[in-house]
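Remember, predicted model here, so these are calculated numbers, not experimental data.
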Amino acid sequence: SEELPGWMEDHLIKVIRHHEGGDTRIDLNRTAGPAVLWGFASLLGLTYFMTALPVVGFYIARCNADMHYDGFAKYPEIILWLIFFLPLAVIVLAAQWKASTFLLVPMLQEIQACNSDTERPPRLLGFRQWYIVMCAFTMFNLLDQMTNALFAAKIYSTKQCNGYDKIQEFWEVAIQKSVPSLMRKSLFLDYMDFADITVIIYIFQLFVQPIFALVFSLPLNIKALNFKVRLSRDDTPPKFKTISDDNSNDEDLTDFKSAVMVLAEVNRMEALVSFDLDYRRAMIERLMHEAQIHEGSDKLQHIEEALEAGLAVLARTAARFALKGLLQNCLQVNLQVSMQAISKASMPDHFDFFNGVNLGVTMFAVFLDIPDMINISYFIWWLQDQVNVHVSENESLFTSVQGRIDTIKCRFLRIKIYVVCYVFMAGYALAKLYMALMVCSEGEWNLSDVSWNDNGCVAFDVSDINTRKWQCNITEYQCQYTS
């Protein structure tokens with residue numbers, strides 16, 4: 001922490017270190033309260049901009065005046081980037097910086113105390129260079145979300161254009177030849193067109209993430225809480241109930257340091273979440289060591305705090321695996337690959353550059369998630385081993401916290417399921433993109449169509465397909481979209 005520049009350390013942290021000594025470990029709960037408020041502010045800004053962007057994009061989009069034009073609707077992408085992305089990036093980066101001034105010193109103190117007896121390899125980057133790289137990762141993650149919003153706006157506005165009927169026809173042929181009728185009906189695929197599915201998936205992934213963050217971080221008694229920094233070591237930070245906590249168990253509470261990391265994950269604050277696994281591991285090792293040298297209620301208190309740290313990591317991991325990796329990136333990349341394949345066949349003369357950029361950004365985001373998921377998987381295995389070892393050694397002691405242990409094991413199982421789904425969907429998207437671009441002349445490819453004759457390429461023959469018109473007469477909408 002001595003290497004941190006002054007602008008990365010809030011003046012209240014400096015006051016604490018001055019009075020308690022620079023090397024004294026500061027409990028993260030004492031300083032995390034203001035960072036939680038900055039997380040809520042960033043979440044509000046992120047949700048607002050990602051909601052307004054596709055709505056504005058849809059209303060300003062225009063179809064080509066040529067009745068024979070079969071390309072996408074057009075809108076001024078550069079203007080949307082300037083109006084929406086730049087303010088959003090400023091809000092999130094500012095909130096990340098302010099939160100970091102309250103959090104990084106206690107986190108680094110915990111990590112350095114754990115590593116003090118081991119020889120650490122030299123760092124490749126100084127702090128300033130590292131922080132710039134983390135800000136770049138944050139901006140890229142925001143860019144990934146923005147491209148999803150622009151993709152949804154473009155597809156839904158194209159629904160009113162002359163070329164959309166052909167897009168929908170190709171989509172319906174691919175769906176009816178690849179998905180069994182019962183599955184189509186159960187997923188309502190027979191009742192929605194491609195644009196509807198794209199917008200519904202976008203709306204779902206847009207609002208599920210902030211709702212998830214609020215479930216795990218928003219205090220039910222928020223008006224009664226004081227989010228200030230605790231300058232005195234004797235001023236105990238409050239714990240509180242959230243929707244995720246068990247109302248029947250008065251001991252099941254959330255603290256500021258757990259809430260802030262869930263908010264940081266959903267806000268894509270990479271400067272904070274990049275340290276979280278190291279911090280939690282160091283914290284759990286310290287608490288379990290202290291539990292071994294204490295007895296009775298003190299021992300149990302250290303064990304409970306270690307379990308809470310494990311649950312906090314699993315909550316953030318669920319946001320990383322399920323919401324960002326699986327729901328946002330994997331589903332979106334499959335939709336965008338399908339659109340790229342369909343447009344290859346339905347509008348070969350009208351390649352959309354920004355659709356290609358959107359696909360490239362989303363695909364790169366999928367690859368970028370892989371190292372994080374490997375690290376998280378290793379941490380989960382380590383945590384699972386720690387729980388099993390200490391439970392077997394102190395079975396009678398762990399009886400009172402069995403509910404939290406069961407919750408940890410349940411979340412272990414869920415995350416393993418998320419990993420399997422993520423690997424399958426990411427691999428499927430890559431295979432579909434390769435087949436669409438390199439093998440299938442008409443673009444679309446589906447796994448269930450694989451045979452020895454056509455390599456899974458979908459034959460766009462509508463003679464045996466019940467295709468329908470999904471839109472009203474285009475002339476009714478022409479006046480609204482003709483430039």
Side-chain angles (χ1 to χ4, degrees), residues 38-65 71-99 132 134-161 195 198-211 213 263-264 266-271 324 328-329 332-333 335-336 339 350-365 477 479-483:
W38 281 103
F40 286 139
S42 177
L43 187 66
L44 179 63
L46 179 63
T47 305
Y48 167 75
F49 278 102
M50 289 297 106
T51 303
L53 172 59
V55 174
V56 173
F58 169 76
Y59 277 106
I60 67 174
R62 297 291 183 269
C63 293
N64 194 288
F72 292 99
K74 299 291 184 181
Y75 50 66
E77 283 92 349
I78 300 300
I79 294 178
L80 290 177
W81 286 76
L82 294 175
I83 294 176
F84 288 96
F85 182 72
L86 290 182
L88 171 62
V90 169
I91 290 172
V92 175
L93 290 176
Q96 175 180 257
W97 166 65
K98 282 301 297 180
I132 291 172
M134 291 301 103
C135 288
F137 278 130
T138 296
M139 292 190 67
F140 177 80
N141 282 316
L142 297 176
L143 175 65
D144 178 35
Q145 288 185 271
M146 181 172 176
T147 57
N148 293 338
L150 291 174
F151 177 75
K154 176 163 289 190
I155 297 302
Y156 205 74
S157 57
T158 302
K159 186 175 180 178
Q160 317 304 332
C161 300
T198 300
V199 170
I200 288 172
I201 289 178
Y202 176 74
I203 292 174
F204 186 66
Q205 63 99 15
L206 171 65
F207 290 108
V208 163
Q209 297 189 57
I211 289 172
L263 289 167
V266 175
N267 282 310
R268 309 297 184 251
M269 296 179 178
E270 296 298 323
K324 179 178 180 287
Q328 177 180 308
N329 288 338
Q332 283 291 335
V333 79
L335 273 178
Q336 292 176 24
M339 187 67 256
H350 301 290
F351 173 76
D352 191 283
F353 173 76
F354 278 95
N355 274 355
V357 171
N358 294 346
L359 175 58
V361 169
T362 308
M363 187 68 74
F364 186 70
Y477 299 89
C479 60
Q480 297 182 24
Y481 290 91
T482 300
S483 54

Please check this pair: side chain of [X] against backbone of [Y], looking for a donor-acceptor N/O pair closer than 3.5 Å.
X      : Y      : result
Tyr75  : Leu150 : yes
Ser157 : Lys154 : yes
Thr138 : Arg268 : yes

Return the minimal non-hydrogen interatomic distance between [X] and [Y], and the atom names on each side.
X      : Y      : result
Leu142 : Ala89  : CD1-CA, 4.0 Å
Tyr202 : Gln205 : CD1-NE2, 3.0 Å
Ala73  : Thr158 : N-OG1, 3.0 Å
Thr147 : Trp81  : CG2-CH2, 4.4 Å
Ser42  : Asn267 : OG-OD1, 3.2 Å
Val266 : Pro210 : CG1-N, 4.2 Å

side-chain contact (heavy atoms from CB on, under 4.5 Å), that's the test. Do Thr47 and Phe207 meet it? Break it down for me. CA-CA 8 Å; Thr47 305; Phe207 290 108; 4.1 Å; yes

What's the verdict on side-chain contact (heavy atoms from CB on, under 4.5 Å) for Phe151 and Met339, showing C-alpha distance, side-chain angles and the deciding distance? CA-CA 10 Å; Phe151 177 75; Met339 187 67 256; 3.8 Å; yes

Would you say that [X] contacts [Y] through its side chain, given a criterion of any heavy-atom pair below 4.5 Å between the two side chains?
X      : Y      : value
Leu88  : Met50  : yes
Cys135 : Gln96  : yes
Asn148 : Gln336 : yes
Phe364 : Asp144 : no
Ile155 : Val199 : no
Ile60  : Leu80  : yes
Tyr156 : Val55  : no
Gln145 : Asn141 : no

Let me confirm one number: the NZ-CZ distance from Lys159 to Phe72, rounded to the nearest 0.5 Å.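 Spacing of NZ (Lys159) from CZ (Phe72) equals 15.0 Å.
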
More than 12 heavy atoms of other groups within 6.0 Å of Phe137 CZ: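 No, CZ of Phe137 has 12 or fewer neighbouring heavy atoms, counting only those of other groups under 6.0 Å.
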
Counting only heavy atoms not in Ile79, do more than 12 sit closer than 6.0 Å to its CD1 atom? no

Assess whether side-chain contact (heavy atoms from CB on, under 4.5 Å) is satisfied between Trp38 and Leu263, documenting all intermediate values. CA-CA 9 Å; Trp38 281 103; Leu263 289 167; over 6 Å; no

Classify the ring geometry of Phe49 against Phe84: parallel below 30°, tilted from 30° to 60°, perpendicular beyond 60°.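 It falls in the perpendicular class, over 60°.
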
Met139 and Leu143: side-chain contact (heavy atoms from CB on, under 4.5 Å), yes or no, with the steps? CA-CA 6 Å; Met139 292 190 67; Leu143 175 65; over 6 Å; no

